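Within every chain, numbering begins at 1; the chains are lettered A, B, ... in the order of the sequence lines, protein sequences first and strands thereafter. What you see is a predicted model, and the numbers here were worked out from it, not measured in a lab.
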Amino acid sequence: MLRLSQLFVRTLRDDPSDAEVPSHRLLVRAGYIRRAAPGGYTWLPLGWRVLRKVEDIVRQEMDAMGAQEVHFPALLPRDVYEATGRWTEYGDNLFRLKDRKGADFLLGPTHEEMFTLLVKDMYSSYKDLPVSLYQIQTKYRDEARPRAGLLRGREFLMKDSYSFDIDDDALAVSYAQHRDAYERIFARLQLPYVIVKAMSGAMGGSMSEEFLAPIEVGEDTFVRCSACDYSANTEAVTTSVPTADSNTYDASSTIATPNCPTIATLVDFLNENHPRTDRPWQASDTLKNVVLRLRQPDGSTETLVIGVPGDREVDMKRIEAQLSPAEVEPLDDAGFAQHRTLIRGYIGPQILGSTSDSGIRYLVDPSVVHGSAWVTGANTKDTHVIHLVHGRDFTADGTIEAVEVAAGDPCPNCAAPLEIARGIEIGHVFQLGRKYADKLGLTVLDHNGKQVVVTMGSYGIGVSRAVASIAEVFHDDIGLKWPRAIAPADVHVVVTGKNGDDITIAGEKIAAELEAQGLEVLIDDRNGVSPGVKFKDAELIGIPTILVVGKSLAEGNVELRDRHAGTNEAIPVADAVTRVVALARSGQ
RNA sequence: CGGGGUGUGGCGCAGUUGGUAGCGCGCCUGGUUUGGGACCAGGAGGCCGGGAGUUCAAGUCUCCCCUCCCCGACCA
């Protein structure tokens, strides 16, 4: 039995000043966690119980799908990460340290290499596959900006698992099993989620999905369709190809546009000096050409220009994801100096394209459809071109999804408007493919006795982040409201009497009976603490069922409070144990 | 890494023109209280983020560094 008179906890009356998001505020205030280091938290008894319950649910479902638990050290040698290039690739986010002999070590940010080598060490036949292994481990990442308490720390608890298969079909099966297990885990945690398509990006895999808890304070932006079930991470959105523009336009003409350095000033100038007959000019009539530099992993660079409608922002993440593994950056002054034909602010596609004199590759966003007419730069200072038609007056080398996805954009599935929402990434499933197995030499003999490279999947759940996410979903102004499955106890018995009086005796008796029934009981047996304080603390701590043994005992009643529903029901003392046990076992 | 804010007992905060630190909560002792964060009396607890400087004198002024929070960049 957890006795509040003994429990190592101190609830705070005021919000801690450094906590902004509700989960952080309430977990500290209710005595679940305490900040111990930048990006690091101490788990107090109540919090540790919740964390272990989340862990247990994850463990049960992973075991049920056939994965086997192992445990690696967090302290890892450099050479393993050197083999895959991640010692350098991971950059500043990696915690590095040296041992007394000066040898390099790191604190594991994720364990692909270790799992791959472990399987290589032990297995060598297709008969050993498939196999899925997992661990629940403390991970270390030297985040540039830890924030929001448990939501982004530098040390956090993660379940990571890895599947090993003989071929892509088998990988698809392992992937589906993990995905199903994740759905069961989040359902048991009562954590709402959407599964969004994610970019496989530099990891080189083929299929990747994120589980996002749709919560405003989340750091991930995703889109979802207002009509169908489509959802995707913003950088992974693919737009449907718009139909070509079949209108006929006037011949293009070059016009002087003094003092029009921005799109807004250009549009104003056009409306004043070259008004359209049908409607005013708009930013969406202009074609904005952004100059980028691509840097390939081998160090070579290329200048690239991307055309997007002038009313849209360029999304560098989306572009980078499609050009991976090349890195993308805006062209700097030195770069412009090398391309004298590119006049900043007046760049037009007339001189661009790999077959043009400049030889500069030119891509357009799909919204710049064939046959559409644009206002754009004339490649001379203070001069623009109007009625420049795609396909007639200029050509592109191809298309690239380049504009920042905005609310109201059409859904690629059904064309209904998309919504933009924020979420917390609580899980990620990923078909890694052969990247790690290749680099680390993980092969097995197939049934023909031939060496084949194993294909892998990697799957993660942020366990400590899940605790915070649940707190984000289940709280109100006065405290936490845990789902029953992970509450630190089944019932919180509030006893409002003084030591030795009838109320205290009755409360202790009920608590003991509840415990005898197998329930986890937290009893507020503090002497000399006023009922108001006990009620406030019970609401703050957030155990879903609160049983008050107090003044209504005189009428033979106790009070059964539901923290979620906010209800308070007087029930006969004799029924108390049965009722509470039934509630606890209902799972609701 | 850029921009903004911040740092004073465990928590929340005040501290004037520079003059040797205070309030509320919490904690301890005694007493009175006990259904919505009680009351009275008496206590304990502070390298004022760190360093350097100006000054007879620095929480307060100057410079450098650091922390935490927010926004951005970054984030398998």
Side-chain angles (χ1 to χ4, degrees), chain A residues 9-21 24-25 28-31 34-40 81 84-86 89-94 108-113 115 139-149 151-154 156 158 160 162 198-205 208 210 217 219-220 233 235 316-317 320 324 327 329-330 425 427-432 435-436 456-460 462 465 478-479 494-499 501 503-504 524 526-540 546 548-554 558-559 561 568 570:
Chain A
V9 68
R10 178 110 301 146
T11 57
L12 304 176
R13 188 185 291 239
D14 300 306
D15 287 333
S17 65
D18 60 353
E20 196 69 23
V21 300
H24 186 197
R25 224 174 56 221
V28 171
R29 197 145 90 80
R34 204 86 171 181
R35 197 187 87 90
Y81 280 71
T84 52
R86 289 216 290 187
E89 224 173 72
Y90 228 99
D92 290 339
N93 262 22
L94 194 62
T110 170
H111 279 70
E112 277 84 2
E113 287 84 351
F115 275 88
K139 304 291 189 191
Y140 298 87
R141 295 183 195 173
D142 190 0
E143 295 285 350
R145 181 154 83 91
R147 63 174 288 272
L151 283 176
R152 174 170 295 276
R154 299 205 292 180
F156 56 97
M158 177 164 164
D160 52 326
Y162 304 86
M199 288 306 296
S200 38
M203 294 293 290
S208 168
E210 285 172 5
V217 301
E219 298 178 281
D220 291 272
N233 207 310
E235 70 248 34
M316 293 293 282
K317 274 187 176 178
E320 189 149 28
S324 172
E327 286 176 26
E329 60 191 24
E425 182 182 347
H428 198 160
V429 290
F430 203 123
Q431 294 190 14
L432 274 182
K435 175 177 173 178
Y436 289 91
M456 295 169 55
S458 93
Y459 317 90
R465 178 181 278 184
I478 57 173
V494 172
V495 183
T496 63
K498 280 183 286 201
N499 274 357
D501 68 7
I503 289 173
T504 306
D524 194 344
R526 290 175 294 179
N527 193 38
V529 173
S530 73
V533 171
K534 292 185 175 185
F535 296 149
K536 292 283 188 202
D537 276 345
E539 284 148 358
L540 183 58
I546 299 165
V548 180
V549 183
K551 68 176 184 187
S552 56
L553 191 67
V558 293
E559 293 153 52
R561 298 187 180 183
N568 184 10

Sugar-phosphate only, base, or nothing, as touched by [X] at under 4.0 Å among non-hydrogen atoms:
X	answer
A:Glu539	base
A:Glu559	base
A:Lys498	base
A:Arg561	base

For nucleotides [N] and [M], find the distance between their [atom1] atoms and express it as a whole number of Å.
N	M	atom1	value
B:rG50	B:rU6	C1'	16 Å
B:rG7	B:rG43	C1'	29 Å
B:rU34	B:rA38	P	13 Å
B:rG18	B:rG37	C1'	40 Å
B:rC64	B:rU54	C1'	15 Å
B:rC69	B:rC61	P	25 Å
B:rG72	B:rG9	P	31 Å
B:rA58	B:rC13	P	28 Å

Test item: side-chain donor near acceptor, A:Tyr162 and A:Asp160, under 3.5 Å: yes

Please report, rounded to the nearest Å, how far the [atom2] atom of [N] is from the [atom1] atom of [X].
X	N	atom1	atom2	result
A:Leu553	B:rU34	CG	P	17 Å
A:Asp15	B:rG37	CG	P	18 Å
A:Phe430	B:rC75	CZ	P	14 Å
A:Asn527	B:rU32	CG	P	13 Å
A:Glu210	B:rC75	CD	C1'	11 Å
A:Lys536	B:rC25	NZ	C1'	15 Å
A:Arg526	B:rA38	CZ	C1'	15 Å

Check nucleotides 8-10 of chain B against the protein and report each pair of N or O atoms closer than 3.5 Å, with its distance, or say if there are none.
| unit_1 | atom_1 | unit_2 | atom_2 | d |
| --- | --- | --- | --- | --- |
| B:rG10 | O2' | A:Arg34 | NH2 | 3.0 |

Between [X] and [Y], is any pair of side-chain heavy atoms under 4.5 Å apart?
X	Y	value
A:Thr496	A:Phe535	yes
A:Val28	A:Arg35	no
A:Lys139	A:His111	yes
A:His24	A:Val217	no
A:Leu94	A:Pro109	yes

Looking at the side chain of [X], which of [options] is the nearest nucleotide?
X	options	value
A:Val533	B:rG37, B:rG35, B:rC75	B:rG37
A:Asp14	B:rG37, B:rG35, B:rG12	B:rG12
A:Ser530	B:rU34, B:rC75, B:rG35	B:rU34
A:Arg29	B:rG12, B:rG35, B:rG37	B:rG37
A:Phe535	B:rG37, B:rG12, B:rG35	B:rG35

Residue mapping more 5' on RNA chain B - nearest nucleotide basis, A:Gly497 or A:Thr110: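 Closer to the 5' end of RNA chain B: A:Gly497.
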
Need the pair for [N]. Rule: Watson-Crick or G-U wobble, both distances under 3.5 Å, any strand; none if unpaired.
N	value
B:rG2	B:rC71
B:rC48	none
B:rC39	B:rG31
B:rG7	B:rC66

Distance in Å, A:Glu559 CD paired with A:Lys551 NZ, rounded so as to fall on 0.5 Å steps: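 Rounded to the nearest 0.5 Å, the CD-NZ separation comes to 8.0 Å.
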
Donor-acceptor contact present, side-chain A:Lys536 to main-chain A:Arg13, <3.5 Å: no

Donor-acceptor under 3.5 Å (A:Asn499 side chain, A:Asn527 main chain): no

Qualifying residues under salt bridge (Lys or Arg N to Asp or Glu O under 4.0 Å), relative to A:Arg29, sequence neighbours excluded: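 A:Arg29 satisfies salt bridge (Lys or Arg N to Asp or Glu O under 4.0 Å) with A:Asp15 once adjacent residues are dropped.
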
Side-chain-base donor-acceptor pair under 3.5 Å for A:Arg10 and B:rC11: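 Under the 3.5 Å cut-off, the side chain and the base do not form any donor-acceptor pair.
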
Presence of donor-acceptor pair under 3.5 Å, side chain of A:Asp537 and base of B:rG37: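 Donor-acceptor pair under 3.5 Å: yes.
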
A:Thr496 side chain near B:rG35 phosphate (N/O to OP1/OP2, under 4.0 Å): no

Phosphate contact (B:rG26 OP1 or OP2) by A:Arg13 side-chain N/O below 4.0 Å: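 Looking at the OP1 and OP2 atoms of B:rG26, one of them is under 4.0 Å from a side-chain N or O of A:Arg13.
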
Contact pattern, 5' to 3', of nucleotides 66-74 of chain B - B, S or - by protein heavy atom under 4.0 Å: -SSSBB-BB

